[in-house]
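Below is one structure; the comments refer to it alone.
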Amino acid sequence: MPAYSASKHGIIGLAKSAGVQGAPLGIRVNAVAPGLIDTSMQTGPGGTGGAAPGLGTLTNPSHRLGTADEVAALVAFLLSDDAPSSPAPSSRSTVARPRTARTSLSYPPDPQRPKETRMRYLMIAQTTPLEGRDDEFNAWYNGEHLKDVLAVPGFVSAERFEVASGEAPFKYYAIYEVEAGTDAEIWAAVPPARDDVDDRGSRRVRRVLLAPIGSRVTSADFTNAPAG
């Protein structure tokens, strides 16, 4: 198992590095890491996974084993033109480091809305836990809340950050990529943020929605531009 686990981490690292190198060339890189899947590796005679009967109902949030068709559908979506690439969030006033690996396009945009009528937004959720409850708060946010938010139609990716240096009004920041026709659709789909104490250890919560005012540019756009 240590060697098997190490190989999984290696694939994720390779995908991240290849994604950084390929981005200026317009090349998308994604890594799909399913949980327990109902294949002969897990359930068949002599399966190498050795999954015990009923294990999927205990470890998967859906309380069942996943299917190969579900994995294939995700891969097909990531390879399609409906899977956009996204800029990495940044900040000029503070230095942030990731709290979670980027959850890239785990759920497709709202299929009821034609692609040409959707607009890309970034939603920033700003949070500060109660004193001494960071671990509890982050376990809930990473393990439950991100999945619940990404289940909302139109939310296509998420990544969390914590403030590493500089002054900021909140301790943690979650960046969501959203596709919708109007910002009103997004606010209508997401419950209002609570600004009080709750049972997950949150002390302050605030959300802001950012709309693009220009095309995304990279350093390559300037270094490759003709003189003048």
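Starting from 1, each residue takes its place in the sequence as its number. Heavy atoms only: backbone and side chains are in, while hydrogens, waters and symmetry mates are out.
Shortest non-hydrogen contact noted between Ala68 and Ile37 is N-CG2, 3.7 Å. Of all the heavy atoms in Asp134 and Leu130, the pair that sits closest is OD1-O, 4.1 Å.
Applying the salt bridge (Lys or Arg N to Asp or Glu O under 4.0 Å) criterion to Lys8, with sequence neighbours excluded, gives no partner residue. Residues passing the side-chain contact (heavy atoms from CB on, under 4.5 Å) test with Leu210 are Leu122, Ile124, sequence neighbours excluded. Residues satisfying the ring pair (Phe, Tyr, Trp, His ring centres under 6.0 Å) criterion with Tyr141, sequence neighbours excluded, are Phe137, His145. The side-chain contact (heavy atoms from CB on, under 4.5 Å) search around Ser17 returns none, not counting sequence neighbours. Annotation: side-chain contact (heavy atoms from CB on, under 4.5 Å) contacts of Gln21 (sequence neighbours excluded): none. Residues forming a side-chain contact (heavy atoms from CB on, under 4.5 Å) with Val32 (at least two apart in sequence, or on another chain): Pro34, Val71, Leu74, Val75, Leu78.
Checked by atom type and distance alone, the side chain of Ser5 never pairs as donor or acceptor with a backbone atom of Pro2 at under 3.5 Å. With hydrogens and angles ignored, the 3.5 Å screen pairs a side-chain donor or acceptor of Tyr121 with a backbone N or O of Asp183. The closest donor-acceptor contact from the side chain of Glu70 to the backbone of Thr67 lies under 3.5 Å.
For the pair Leu146 and Tyr176, the minimum side-chain heavy-atom distance is below 4.5 Å. In this structure the side chain of Asn138 never reaches within 4.5 angstrom of the side chain of Glu162, judged on heavy atoms. At least one side-chain heavy atom of Met123 sits under 4.5 Å from a side-chain heavy atom of Leu209.
Note on Tyr4 and Leu14: separate hydrophobic clusters, where clusters join Ile, Leu, Val, Met, Phe, Trp and Tyr whose side-chain heavy atoms are under 4.5 Å apart, directly or indirectly. Val20 and Phe161 end up in different hydrophobic clusters when Ile, Leu, Val, Met, Phe, Trp and Tyr side chains are linked at under 4.5 Å.
We find the OH-OG1 distance between Tyr173 and Thr128 to be 7.5 Å, quoted to the nearest 0.5 Å. Taking OG1 of Thr182 as the start and CE of Met119 as the end, the distance is 10.0 Å to the nearest 0.5 Å. Note that the CD1 atom of Ile175 and the CD atom of Gln126 stand 8.5 Å from one another [nearest 0.5 Å].
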Ile186 vs Phe155, test: side-chain contact (heavy atoms from CB on, under 4.5 Å). Steps then yes/no.
CA-CA 9 Å; Ile186 300 173; Phe155 280 74; 4.0 Å; yes
